[in-house]
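Presented below is the structure to which this report refers.
From a predicted model like this one, the values you see are computed outputs, not experimental measurements.
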Amino acid sequence: MTSAPALGILLACTSTAAQATHTPDKLPVVTVNGGRPSSLPTQIPTTIESISGAQVEQRINATDSEDALKYFPSLNVRKRYIGDYDHAVLASRASGTGNSARSLVYADGILLSNLLGNGATFTPRWGMVSPEEIERVDVLYGPFSAAYPGNSAGAVVDFQTRMPTRLEVHAKLSAFSQRYRQYATDDRYGGGQGSASVGNRQGAWSWWVDLSRLDSRGQPIAFANKLTSSGVISAGGLPVTGAVPDKNPANKDWLIIGASGQSHTVQDHAKIKLAYDVSPVLRASYTLGWWGNDAHRAADTYLRDANGAPVYRGDANGFINMGGKRYELKASDLAPTIGKLEHLMHGFSLKQHSKGVWDWEVAASRYDYARDMVRTPVVPVAGIGQSGRGNVTDMGGSGWTTLALKGIWRPTPAHVVDMGVQSDSAALRTRVFSSSDWIGAGDGATVSTFNGNTRLQSLYAQDTWRFAPQWKTTLGMRAERWSAYGGEMSNAASVAPLPFGERTETSWSPKAALAWQATDEWAFKASAGRAVRNPTAAELFQGSIVDQQIVNRDPNLRAERSWTGELSAERVTSDTSLRATLFHETTRDALYSQALTNLVNTVQNVDKIRTNGLEMAWQGDDVLVHGLTINSSLTYADSTIAQNRGFAASVGKRQPRVPQWRANLLTTYHLGRDWVGSVGVRYSGKQYGTLDNTDPNGATYMGVSDYLVADLRVRYKINKQWSAALGIDNVNNARYWAFHPYTQRTAVAELRFDL
């Protein structure tokens with residue numbers, strides 16, 4: 001699908017997934033009706049979008065918490081299947097789905113973003129929030145608040161979960177299923193989900209307990225392959241048939257020989273929240289979250305021998321023969337994996353909310369990889385149950401800790417000054433050991449270790465000043481001291497881990513925003529901010545060991561430095577809102593993996609990436625007929641690599657995984673008081689996965705494709721307590737990719753009880 005005809009389709013879909021409520025006689029900042037206040041700085045006159053938990057329940061087939069973001073302007077979550085726990089990266093206006101460290105996700109102010117690394121395997125911990133406990137989701141676009149570190153360059157997402165004012169009881173059961181066809185795979189995958197929650201407020205105490213279980217079988221997400229050009233003309237090797245011919249992202253011929261990564265994940269979630277009102281204006285809160293995951297990823301060969309038996313290993317030398325060519329069949333080509341994960345989350349806050357001259361808050365959180373082990377065989381096996389030699393990757397002990405002291409000073413009605421001191425620490429712990437029993441081993445010989453720590457200590461202040469009846473401005477500054485220490489790595493031959501050097505850097509990030517309420521309906525905003533995104537431990541402490549020296553790394557890896565600006569015009573009436581936003585971002589020293597030598601890739605700095613774009617959002621209630629709501633958005637982004645001394649072929653090419661065009665449309669119709677139906681459409685234009693854009697074929701494994709996907713949902717309120725819903729995601733059964741395949745047509749059924 002090309003961008004020209006797509007533009008014609010999408011111009012009709014201009015809007016926002018979620019709506020902020022504006023009061024015409026006030027300056028245009030977000031006002032949220034009911035519920036707890038957002039932890040986002042909503043007084044800043046810049047772009048913030050919101051959606052309520054009730055709207056999510058009515059309009060969206062939300063099987064995971066990240067589904068609440070499905071129709072937000074310019075956002076995309078790379079969710080490959082229901083329960084995707086390790087690749088669901090959030091992308092924003094100028095950041096693709098490979099840049100997980102360029103956005104921040106919080107739940108009730110507790111950091112869920114995984115800043116141990118940057119990339120597909122360091123995704124936000126979405127599983128710590130169940131869809132049913134969401135009260136509201138707010139999104140701040142861009143690094144325009146001094147209260148957040150440079151990882152806010154793309155967006156800041158804040159989940160507010162329920163806290164009761166009276167007795168509440170909720171329960172939900174759901175089931176889902178998809179028929180998946182790709183290459184030689186043709187099967188049905190699905191699962192079920194159940195959740196229950198109860199809470200109450202009794203005097204000064206309030207409490208909430210939330211439990212859920214997800215049992216999901218996803219489609220295969222990887223496909224073993226052999227480049228046709230890598231085959232050697234020979235009569236040697238085990239003769240096999242069944243390979244599927246295809247072209248890879250570079251349009252080179254290859255053979256698909258099997259499917260792997262077919263995930264069966266059973267995820268359990270438990271959360272306890274306690275709050276105590278010490279006084280009418282002082283509240284203490286504590287959250288304990290636990291998330292467990294038993295994950296099996298199976299592999300299925302397409303290859304058959306002369307007797308029709310499936311082939312998982314080659315001849316005595318490990319070779320197979322396809323069409324008169326000999327290929328090596330490696331154990332890693334069709335390797336299953338077994339994962340056992342248990343993560344803990346703690347959050348504590350003591351907050352004064354008097355709305356007087358002074359308010360303050362002390363907040364601390366801890367996210368802990370209490371147990372995190374993934375097992376993989378290193379010899380060919382025919383299935384998950386077959387034992388043999390293998391490796392176990394243990395990330396137990398990894399995690400992050402945050403501590404913040406925040407203050408709000410209101411010296412006059414015209415000024416609101418936010419200030420704070422913060423400390424964010426991350427510890428990456430990875431040990432790989434080998435064993436003759438890859439399934440049951442508790443320990444073994446060390447294959448490698450990979451450890452490191454980062455710490456960010458910050459001081460910030462920002463003043464929101466209403467200097468005239470129709471004018472408001474915010475000026476802020478953030479000072480940061482970043483350090484990286486304790487880095488070390490080893491291999492099987494190491495006597496002891498080899499250390500990396502320590503690093504310390506200091507940076508300053510100014511912020512500014514201005515808003516003018518020109519008329520009761522029209523408002524104009526301008527925002528600018530600098531973001532410094534420091535390297536993560538996984539990016540910084542990497543390389544390989546040669547002659548007891550760490551090599552193949554960039555010891556001078558620098559922080560990303562982004563300047564971002566936006567100009568917005570907004571028109572708000574009693575039943576519609578329209579926003580047009582011009583945005584620009586210049587990022588210097590962007591962190592990307594690229595070739596260090598002819599044989600080695602490592603994270604390096606890309607000198608300059610420049611993005612210019614336009615985002616339009618429109619929302620309307622009672623459009624043409626009573627009860628019809630339309631939310632839509634259209635985004636254009638021209639994101640180009642302007643300078644890159646390390647990889648000249650990438651200069652002038654588009655930034656990976658940032659499409660030029662994307663759009664969302666969500667229509668919701670209320671038929672009476674009991675029926676709600678919605679139709680959603682999601683579009684993303686042409687993308688590339690490589691820095692030099694040498695992967696033009698997106699419609700294949702490892703490719704990044706455009707897509708146009710439609711979703712349906714119908715919800716019926718049976719009575720005061722019971723409701724049911726039916727939905728279909730990807731009703732048009734599009735086949736689309738972001739390296740891995742997304743789900744095909746998926747049906748969802750739900751039954752819910754609310755007291």
Check your understanding: Would you say the side chains of Arg93 and Thr635 form a donor-acceptor pair under 3.5 Å?
Key -> no
Exercise for review: Please identify each residue that fulfils side-chain hydrogen bond (donor to acceptor under 3.5 Å, both in side chains) with Arg553, with sequence neighbours left out.
Suggested key: none
**Study point:** Side-chain donor-acceptor contact under 3.5 Å, Tyr485 with Arg455
**Key:** yes
Review point. In terms of ring plane angle, is the pair Tyr367 and Tyr369 parallel, tilted or perpendicular, where the classes change at 30° and 60°?
Key: perpendicular
**Study point:** Modelled atom types, side-chain donor and acceptor of Ser490 and Thr449, under 3.5 Å
**Key:** yes
Point to revise | Arg503, CZ: over 12 other non-hydrogen atoms inside 6.0 angstrom | key: yes
**Study point:** Spacing of OG belonging to Ser423 relative to CG belonging to Leu459, to within rounding of 0.5 Å
**Key:** 12.5 Å
Exercise for review: Indicate yes or no: does Arg283 engage Glu361 in a salt bridge with an N to O separation below 4.0 Å.
Suggested key: no
Check your understanding: So, Ser145 side chain and Ala147 main chain: donor-acceptor pair closer than 3.5 Å or not?
Key -> yes
Practice item. Determine, for Glu560 against Arg102, whether the closest basic-nitrogen to carboxylate-oxygen distance falls under 4.0 angstrom. Key: yes
Revision key, fill the gap. Distance col, row Asn114:CG vs His343:NE2, nearest 0.5 angstrom, shows 8.5 Å
Could you go through residues 529-542 and list every donor-acceptor pair under 3.5 Å that involves a side-chain atom there, pairing it with any protein atom two or more places apart or in another chain?
{"unit_1": "Arg530", "atom_1": "NH1", "unit_2": "Trp508", "atom_2": "O", "d": "2.6"}
{"unit_1": "Arg533", "atom_1": "NH1", "unit_2": "Glu539", "atom_2": "OE1", "d": "2.7"}
{"unit_1": "Arg533", "atom_1": "NH2", "unit_2": "Glu539", "atom_2": "OE2", "d": "3.2"}
{"unit_1": "Thr536", "atom_1": "OG1", "unit_2": "Glu539", "atom_2": "N", "d": "3.4"}
{"unit_1": "Thr536", "atom_1": "OG1", "unit_2": "Glu539", "atom_2": "OE1", "d": "3.1"}
{"unit_1": "Glu539", "atom_1": "OE1", "unit_2": "Thr536", "atom_2": "N", "d": "3.0"}
{"unit_1": "Glu539", "atom_1": "OE2", "unit_2": "Asn118", "atom_2": "ND2", "d": "3.4"}
{"unit_1": "Gln542", "atom_1": "OE1", "unit_2": "Thr602", "atom_2": "OG1", "d": "3.2"}
{"unit_1": "Gln542", "atom_1": "NE2", "unit_2": "Glu539", "atom_2": "O", "d": "2.5"}

Study note, to complete from the structure: The salt bridge (Lys or Arg N to Asp or Glu O under 4.0 Å) partners of Asp359 (sequence neighbours excluded) come to Arg410
Review point. Distance only, no hydrogens: is a donor on one side chain within 3.5 Å (strictly under) of an acceptor on the other, for Glu566 and Thr46?
Key: yes
Review point. About how many Å separate OG of Ser527 and OH of Tyr141, when rounded to the nearest 0.5 Å?
Key: 14.0 Å
**Study point:** His346: side-chain hydrogen bond (donor to acceptor under 3.5 Å, both in side chains) partners, not counting sequence neighbours
**Key:** Tyr286
Exercise for review: Decide if atom CH2 of Trp465 counts as having more than 12 heavy atoms of other residues, nucleotides or ligands within a radius under 6.0 Å.
Suggested key: no
Check your understanding: Can you say whether the rings of Trp471 and Trp516 are parallel (under 30°), tilted (30 to 60°) or perpendicular (over 60°)?
Key -> parallel
Exercise for review: Measure the OG1-CD distance between Thr690 and Gln687 for me, rounded to the nearest 0.5 Å.
Suggested key: 12.0 Å
Study note, to complete from the structure: side-chain contact (heavy atoms from CB on, under 4.5 Å) filter on Ala94, not counting sequence neighbours, yields Glu585, Thr611
Exercise for review: Indicate yes or no: does Arg579 engage Glu49 in a salt bridge with an N to O separation below 4.0 Å.
Suggested key: yes
**Study point:** Option from Leu75, Val156, Ile48 for which side-chain contact (heavy atoms from CB on, under 4.5 Å) with Val139 holds
**Key:** Leu75
Point to revise | Spacing of OG1 belonging to Thr640 relative to CZ belonging to Arg654, to within rounding of 0.5 Å | key: 8.5 Å
Practice item. Would you check if the side chain of Ser100 reaches a backbone N or O of Phe122 as a donor-acceptor pair within less than 3.5 Å? Key: yes
**Study point:** Residues which pass salt bridge (Lys or Arg N to Asp or Glu O under 4.0 Å) with Asp638, listed by chain and number, not counting sequence neighbours
**Key:** none
Point to revise | Asp589/Arg561 salt bridge by N-O under 4.0 Å criterion | key: yes
Exercise for review: Give a yes-or-no answer on whether the side chains of Glu488 and Asn451 include a donor-acceptor pair shorter than 3.5 Å.
Suggested key: yes
Review point. Should we count CH2 of Trp409 as having more than 12 external heavy atoms under 6.0 Å?
Key: no
